[in-house]
Amino acid sequence: MSVKVFIINSAVSNEVRKKQHVQDILSALKIPYDVVDVLDPRNDEQLKFMHCNAKPKKPNQKPVFNGDDYCGDYSKFVESLEWDQLYEFLKLENPNKTSKASVITGEDEEEHRKN
């Protein structure tokens, strides 16, 4: 499953910067993503999906989805970056915070002491 970034390719420069910012961050972190241009007539079903499932707080805020799960809009994306919570925002496991330590139980310690 990949992250979906909804954009309008013919948008004004501010929107283009936002779109590029999201793509740059996702690419840098090697997070797979798909870009959906909502003005492309081939994406009518995706546009309907976006309207039915997105809950932006402000008009014209482009939503970000992880598969079918709504993550938030661009302002929430930026906020998650500022607070180092991007993976949580995207509903992904953070590869940098996954513990690889194993838990040692009392039984393991007794066997270790015998050896």
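The analysis underlying the following values was restricted to heavy atoms, covering all of them including side chains, and did not include hydrogens, waters or symmetry mates. Numbering of residues begins at 1 and proceeds along the displayed sequence.
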Quiz item: Quick one: is the NZ or CZ of K4 closer than 6.0 Å to the six-membered ring centre of Y70, and within 45° of its axis?
Solution: no
Quiz prompt | Test item: V35 and V22 side chains (from C-beta on) under 4.5 Å apart, heavy atoms | solution = no
Quiz item: Would a distance-only check, ignoring hydrogens and angles, find a side-chain to backbone donor-acceptor pair under 3.5 Å from N66 to D69?
Solution: no
Exercise. Check D73 against F89 and note the closest heavy-atom contact, atom names and distance.
Key: O-CZ, 3.9 Å
Quiz item: Donor-acceptor pair, N43 side chain versus D37 backbone, under 3.5 Å?
Solution: yes
Quiz prompt | N53 side chain near D68 side chain, heavy-atom distance below 4.5 Å | solution = no
Quiz item: Are any of the side-chain heavy atoms of V5 and L26 separated by less than 4.5 Å?
Solution: yes
List, one per line, each side-chain donor-acceptor pair under 3.5 Å for residues 27-34, sequence neighbours excluded.
residue: S27; atom: OG; partner: Q23; partner atom: O; Å: 2.9
residue: S27; atom: OG; partner: Y33; partner atom: OH; Å: 3.2
residue: D34; atom: OD2; partner: S2; partner atom: OG; Å: 2.7

Quiz item: How far does NZ of K76 sit from CD of Q85, to the nearest 0.5 angstrom?
Solution: 10.0 Å
Quiz item: Where do D40 and L47 land on the side-chain contact (heavy atoms from CB on, under 4.5 Å) test, with the steps shown first?
Solution: CA-CA 9 Å; D40 186 336; L47 177 62; over 6 Å; no
Exercise. With side-chain contact (heavy atoms from CB on, under 4.5 Å) as the test, would you mind laying out the steps for F77 and L86 before giving the verdict?
Key: CA-CA 7 Å; F77 176 85; L86 180 64; 3.5 Å; yes
Quiz prompt | Stepwise side-chain contact (heavy atoms from CB on, under 4.5 Å) check, H21 with Y74 | solution = CA-CA 10 Å; H21 182 228; Y74 178 76; 2.9 Å; yes
Exercise. Measure the spacing between CD of E88 and OG of S80 and express it to the nearest 0.5 Å.
Key: 8.5 Å
Quiz item: Stepwise, does the side-chain contact (heavy atoms from CB on, under 4.5 Å) test hold for F49 with F65?
Solution: CA-CA 11 Å; F49 169 83; F65 285 82; 3.6 Å; yes
